[in-house]
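Chain A is the first sequence line, chain B the second, and so forth, proteins listed ahead of strands; every chain is numbered from 1. What you see below is based on every heavy atom in this structure, not just the backbone, and it leaves out hydrogens, waters and symmetry mates. Treat the numbers as computed from the prediction; the structure is a model and nothing was measured.
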Amino acid sequence: QQQVKQSPQSLIVQKGGIPIINCAYENTAFDYFPWYQQFPGKGPALLIAIRPDVSEKKEGRFTISFNKSAKQFSLHIMDSQPGDSATYFCAADNQGGKLIFGQGTELSVKP
Amino acid sequence: DVKVTQSSRYLVKRTGEKVFLECVQDMDHENMFWYRQDPGLGLRLIYFSYDVKMKEKGDIPEGYSVSREKKERFSLILESASTNQTSMYLCASGKGGYYEQYFGPGTRLTVT
(Lines give C-alpha, C1' and ligand atoms only; values in the text may rest on other atoms or scores of the structure.)
Protein backbone atom coordinates (compact mmCIF):
# COMPACT_ATOMS: atom_id res chain seq x y z
CA GLN A 1 0.00 0.00 0.00
CA GLN A 2 3.00 2.25 0.44
CA GLN A 3 4.43 1.57 -3.01
CA VAL A 4 4.63 3.81 -6.03
CA LYS A 5 5.02 1.86 -9.28
CA GLN A 6 6.75 3.58 -12.20
CA SER A 7 7.06 2.62 -15.85
CA PRO A 8 8.81 2.26 -18.19
CA GLN A 9 12.23 1.52 -16.74
CA SER A 10 13.92 3.09 -19.77
CA LEU A 11 12.80 5.20 -22.71
CA ILE A 12 14.47 6.38 -25.89
CA VAL A 13 12.94 9.16 -28.00
CA GLN A 14 14.05 11.38 -30.84
CA LYS A 15 14.58 15.09 -30.29
CA GLY A 16 11.21 16.85 -30.41
CA GLY A 17 9.30 13.75 -29.30
CA ILE A 18 7.02 13.62 -26.23
CA PRO A 19 8.20 11.02 -23.72
CA ILE A 20 5.58 9.94 -21.19
CA ILE A 21 6.41 8.36 -17.84
CA ASN A 22 3.66 6.75 -15.79
CA CYS A 23 3.21 6.15 -12.08
CA ALA A 24 0.55 4.43 -10.00
CA TYR A 25 -0.08 4.45 -6.27
CA GLU A 26 -2.38 2.79 -3.75
CA ASN A 27 -2.40 4.95 -0.62
CA THR A 28 -5.06 7.66 -0.86
CA ALA A 29 -3.49 9.53 2.07
CA PHE A 30 -0.62 10.85 -0.07
CA ASP A 31 -0.93 14.62 -0.28
CA TYR A 32 1.65 15.70 -2.89
CA PHE A 33 3.12 14.01 -5.94
CA PRO A 34 6.51 15.43 -6.95
CA TRP A 35 8.79 14.46 -9.82
CA TYR A 36 12.56 14.51 -9.45
CA GLN A 37 15.19 14.69 -12.21
CA GLN A 38 18.66 13.21 -11.81
CA PHE A 39 21.60 13.82 -14.14
CA PRO A 40 24.59 11.43 -14.10
CA GLY A 41 26.89 12.08 -11.17
CA LYS A 42 24.36 14.32 -9.40
CA GLY A 43 21.72 13.87 -6.76
CA PRO A 44 18.03 14.12 -7.78
CA ALA A 45 16.46 17.58 -7.86
CA LEU A 46 12.79 18.61 -7.69
CA LEU A 47 11.34 19.20 -11.16
CA ILE A 48 7.61 19.73 -10.68
CA ALA A 49 4.89 18.68 -8.21
CA ILE A 50 1.11 18.38 -8.11
CA ARG A 51 -1.60 18.12 -5.48
CA PRO A 52 -4.27 15.39 -5.82
CA ASP A 53 -7.08 17.94 -6.23
CA VAL A 54 -5.55 19.25 -9.49
CA SER A 55 -5.80 17.32 -12.78
CA GLU A 56 -2.92 18.96 -14.63
CA LYS A 57 0.08 21.17 -13.95
CA LYS A 58 2.49 22.68 -16.48
CA GLU A 59 5.90 24.21 -15.92
CA GLY A 60 7.63 25.09 -19.15
CA ARG A 61 7.88 21.94 -21.28
CA PHE A 62 7.02 19.64 -18.37
CA THR A 63 3.42 18.64 -17.60
CA ILE A 64 1.99 16.39 -14.90
CA SER A 65 -1.38 14.77 -15.60
CA PHE A 66 -3.19 13.41 -12.55
CA ASN A 67 -6.07 10.92 -12.48
CA LYS A 68 -7.28 10.65 -8.90
CA SER A 69 -9.95 8.00 -9.53
CA ALA A 70 -7.44 5.71 -11.26
CA LYS A 71 -4.67 6.55 -8.74
CA GLN A 72 -2.30 7.30 -11.58
CA PHE A 73 -0.19 10.24 -12.65
CA SER A 74 2.21 10.85 -15.49
CA LEU A 75 4.95 13.20 -16.67
CA HIS A 76 4.98 14.49 -20.23
CA ILE A 77 7.97 16.32 -21.70
CA MET A 78 7.00 18.46 -24.68
CA ASP A 79 9.52 19.08 -27.48
CA SER A 80 12.13 16.95 -25.73
CA GLN A 81 15.79 17.90 -26.07
CA PRO A 82 19.04 15.94 -25.64
CA GLY A 83 19.62 17.98 -22.45
CA ASP A 84 16.51 16.32 -20.96
CA SER A 85 18.35 12.99 -20.95
CA ALA A 86 18.32 11.99 -17.29
CA THR A 87 16.71 9.61 -14.83
CA TYR A 88 13.24 10.66 -13.68
CA PHE A 89 11.63 9.60 -10.42
CA CYS A 90 8.01 10.04 -9.44
CA ALA A 91 7.25 10.20 -5.74
CA ALA A 92 4.43 10.53 -3.26
CA ASP A 93 4.57 12.58 -0.10
CA ASN A 94 3.67 10.58 2.96
CA GLN A 95 3.58 12.14 6.44
CA GLY A 96 4.65 15.64 5.58
CA GLY A 97 8.00 15.41 3.85
CA LYS A 98 8.71 11.69 3.84
CA LEU A 99 8.70 10.57 0.19
CA ILE A 100 7.97 7.20 -1.39
CA PHE A 101 9.83 7.03 -4.71
CA GLY A 102 9.08 5.08 -7.86
CA GLN A 103 11.68 2.83 -9.46
CA GLY A 104 12.97 5.48 -11.87
CA THR A 105 12.94 5.90 -15.66
CA GLU A 106 16.14 6.41 -17.61
CA LEU A 107 15.30 8.75 -20.50
CA SER A 108 17.55 9.19 -23.52
CA VAL A 109 16.71 11.86 -26.09
CA LYS A 110 18.56 11.29 -29.36
CA PRO A 111 19.62 14.30 -31.47
CA ASP B 1 21.81 28.12 -2.72
CA VAL B 2 21.00 25.06 -0.63
CA LYS B 3 23.97 22.85 -0.20
CA VAL B 4 24.06 19.24 0.95
CA THR B 5 27.52 17.79 1.09
CA GLN B 6 28.60 14.19 1.56
CA SER B 7 32.00 13.28 2.96
CA SER B 8 33.14 11.07 0.08
CA ARG B 9 32.18 10.57 -3.58
CA TYR B 10 33.74 7.10 -3.74
CA LEU B 11 34.58 4.67 -0.97
CA VAL B 12 35.97 1.14 -1.02
CA LYS B 13 35.75 -0.93 2.16
CA ARG B 14 36.31 -4.53 3.13
CA THR B 15 33.68 -6.93 4.41
CA GLY B 16 33.24 -6.58 8.17
CA GLU B 17 34.59 -3.02 8.40
CA LYS B 18 32.64 -0.30 10.19
CA VAL B 19 31.77 2.45 7.72
CA PHE B 20 30.75 6.04 8.42
CA LEU B 21 29.03 8.20 5.80
CA GLU B 22 28.69 11.84 6.74
CA CYS B 23 26.19 14.38 5.46
CA VAL B 24 26.04 18.11 6.18
CA GLN B 25 23.38 20.63 5.12
CA ASP B 26 23.62 24.41 5.38
CA MET B 27 19.93 25.44 5.24
CA ASP B 28 18.82 24.80 8.82
CA HIS B 29 16.42 22.09 7.61
CA GLU B 30 14.58 20.03 10.18
CA ASN B 31 14.37 16.86 8.09
CA MET B 32 17.28 14.74 6.93
CA PHE B 33 17.20 11.44 5.06
CA TRP B 34 19.48 8.62 3.95
CA TYR B 35 18.61 6.63 0.82
CA ARG B 36 20.29 3.95 -1.19
CA GLN B 37 19.92 3.92 -4.97
CA ASP B 38 20.15 0.68 -6.94
CA PRO B 39 19.28 0.18 -10.63
CA GLY B 40 15.66 -0.81 -11.12
CA LEU B 41 14.82 -0.30 -7.44
CA GLY B 42 14.72 3.49 -7.31
CA LEU B 43 15.49 5.35 -4.10
CA ARG B 44 14.84 3.37 -0.96
CA LEU B 45 14.69 5.09 2.41
CA ILE B 46 17.06 3.72 5.03
CA TYR B 47 16.55 6.16 7.93
CA PHE B 48 15.26 9.66 8.45
CA SER B 49 15.32 12.27 11.16
CA TYR B 50 12.86 15.05 11.95
CA ASP B 51 14.96 16.68 14.63
CA VAL B 52 18.24 16.52 16.49
CA LYS B 53 18.77 13.21 18.30
CA MET B 54 15.60 11.88 16.71
CA LYS B 55 15.56 9.05 14.17
CA GLU B 56 13.04 6.77 12.53
CA LYS B 57 13.50 3.64 10.47
CA GLY B 58 12.73 3.76 6.79
CA ASP B 59 11.97 0.84 4.52
CA ILE B 60 15.36 -0.92 4.64
CA PRO B 61 17.09 -0.16 7.99
CA GLU B 62 18.63 -3.60 8.55
CA GLY B 63 22.42 -3.43 8.82
CA TYR B 64 22.45 0.35 9.25
CA SER B 65 22.28 2.87 12.07
CA VAL B 66 22.29 6.67 12.14
CA SER B 67 23.32 9.54 14.35
CA ARG B 68 22.13 13.15 14.46
CA GLU B 69 23.89 15.05 17.23
CA LYS B 70 23.66 18.44 15.50
CA LYS B 71 20.88 19.82 13.29
CA GLU B 72 23.12 20.20 10.24
CA ARG B 73 24.78 16.78 10.36
CA PHE B 74 23.33 13.31 9.77
CA SER B 75 25.59 10.26 9.75
CA LEU B 76 24.92 6.80 8.36
CA ILE B 77 26.79 3.91 9.96
CA LEU B 78 27.31 0.45 8.54
CA GLU B 79 28.21 -1.54 11.65
CA SER B 80 29.75 -4.45 9.73
CA ALA B 81 29.85 -3.85 5.98
CA SER B 82 28.71 -6.64 3.70
CA THR B 83 28.94 -7.04 -0.06
CA ASN B 84 25.17 -6.58 -0.45
CA GLN B 85 25.60 -3.05 0.88
CA THR B 86 27.55 -2.07 -2.22
CA SER B 87 25.44 0.78 -3.58
CA MET B 88 25.03 4.50 -4.16
CA TYR B 89 24.10 6.30 -0.93
CA LEU B 90 22.26 9.60 -1.12
CA CYS B 91 21.66 12.05 1.69
CA ALA B 92 18.86 14.64 1.52
CA SER B 93 17.46 17.42 3.66
CA GLY B 94 14.18 19.31 3.65
CA LYS B 95 11.97 21.70 5.58
CA GLY B 96 9.65 20.10 8.10
CA GLY B 97 6.35 18.96 6.54
CA TYR B 98 7.34 19.89 2.98
CA TYR B 99 7.81 17.58 0.00
CA GLU B 100 10.89 19.23 -1.51
CA GLN B 101 14.10 17.45 -0.60
CA TYR B 102 17.59 18.64 -1.48
CA PHE B 103 20.03 15.88 -2.30
CA GLY B 104 23.77 15.59 -1.98
CA PRO B 105 25.85 14.22 -4.89
CA GLY B 106 25.97 10.71 -3.43
CA THR B 107 28.64 8.33 -2.18
CA ARG B 108 29.35 5.25 -4.28
CA LEU B 109 30.32 2.58 -1.75
CA THR B 110 31.95 -0.66 -2.83
CA VAL B 111 32.34 -3.44 -0.26
CA THR B 112 34.81 -6.17 -1.28
Side-chain angles (χ1 to χ4, degrees), chain A residues 1-11 21-25 27 29-52 54 57 59 64 66 73 75 86-107, chain B residues 1-10 21 23-25 27 29-51 54-61 66 74 87-108:
Chain A
Q1 202 176 18
Q2 292 293 315
Q3 281 188 324
V4 176
K5 295 184 179 178
Q6 182 174 347
S7 62
Q9 189 168 347
S10 63
L11 192 52
I21 304 170
N22 300 298
C23 288
Y25 65 97
N27 187 350
F30 292 140
D31 56 5
Y32 265 99
F33 297 87
W35 285 86
Y36 281 75
Q37 180 188 52
Q38 182 182 30
F39 292 108
K42 305 282 188 183
L46 179 67
L47 181 64
I48 185 173
I50 195 168
R51 287 168 37 178
V54 175
K57 184 174 181 180
E59 282 187 9
I64 303 177
F66 193 89
F73 58 111
L75 178 71
T87 300
Y88 292 83
F89 294 96
C90 63
D93 182 17
N94 187 22
Q95 297 176 23
K98 179 186 168 189
L99 298 177
I100 310 295
F101 283 92
Q103 293 79 10
T105 297
E106 194 171 338
L107 172 67
Chain B
D1 244 10
V2 176
K3 202 155 190 181
V4 179
T5 57
Q6 295 184 230
S7 50
S8 307
R9 293 300 302 270
Y10 300 94
L21 302 181
C23 175
V24 178
Q25 51 100 357
M27 283 302 293
H29 285 160
E30 293 83 6
N31 296 348
M32 294 191 76
F33 307 86
W34 275 106
Y35 297 90
R36 65 177 280 176
Q37 180 176 7
D38 301 287
L41 297 178
L43 301 170
R44 293 181 292 166
L45 183 64
I46 304 171
Y47 267 97
F48 60 102
S49 169
Y50 287 141
D51 202 350
M54 178 274 178
K55 60 187 178 186
E56 288 195 29
K57 293 180 181 178
D59 300 317
I60 52 165
V66 290
F74 193 34
S87 187
M88 171 68 82
Y89 289 88
L90 288 162
C91 174
S93 73
K95 292 181 188 176
Y98 191 54
Y99 60 83
E100 182 167 14
Q101 294 183 13
Y102 296 84
F103 284 82
T107 295
R108 174 133 343 250

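- Residue A:Pro44 touches chain B through both its backbone and its side chain, counting heavy-atom pairs closer than 4.5 Å.
- Side chains of A:Val4 and A:Phe33 form no contact here, defined as non-hydrogen atoms less than 4.5 Å apart.
- Counting all heavy atoms, side chain and backbone alike, B:Gly104 lies closest to B:Leu90 at O-CD2, 3.6 Å.
- Contacts with chain A were tallied for B:Gly106, B:Ala92, B:Gly40, B:Gly58; B:Gly40 has the most, counting heavy-atom pairs under 4.5 Å.
- Interface remark: B:Gln37 contributes side-chain atoms only to the contact with chain A (heavy atom separation under 4.5 Å).
- Listed by chain and residue number, B:Arg68 satisfy the side-chain hydrogen bond (donor to acceptor under 3.5 Å, both in side chains) test with B:Ser49 (two or more places apart in sequence, or in another chain).
- Remark: the backbone N or O of B:Gly42 is not paired with any side-chain donor or acceptor of A:Gln6 at under 3.5 angstrom.
- Contacts between B:Arg9 and chain A at a heavy-atom distance below 4.5 Å involve the side chain alone, from C-beta outward.
- A:Glu106 does not touch chain B: none of its heavy atoms, backbone or side chain, sits under 4.5 Å away.
- The choice from A:Thr87, A:Thr105, A:Leu99 that makes the most heavy-atom pairs within less than 4.5 Å of chain B is A:Leu99.
- Taking the salt bridge (charged side-chain N to carboxylate O under 4.0 Å, His left out) definition, one finds that B:Asp51 meets it with nothing, sequence neighbours left out.
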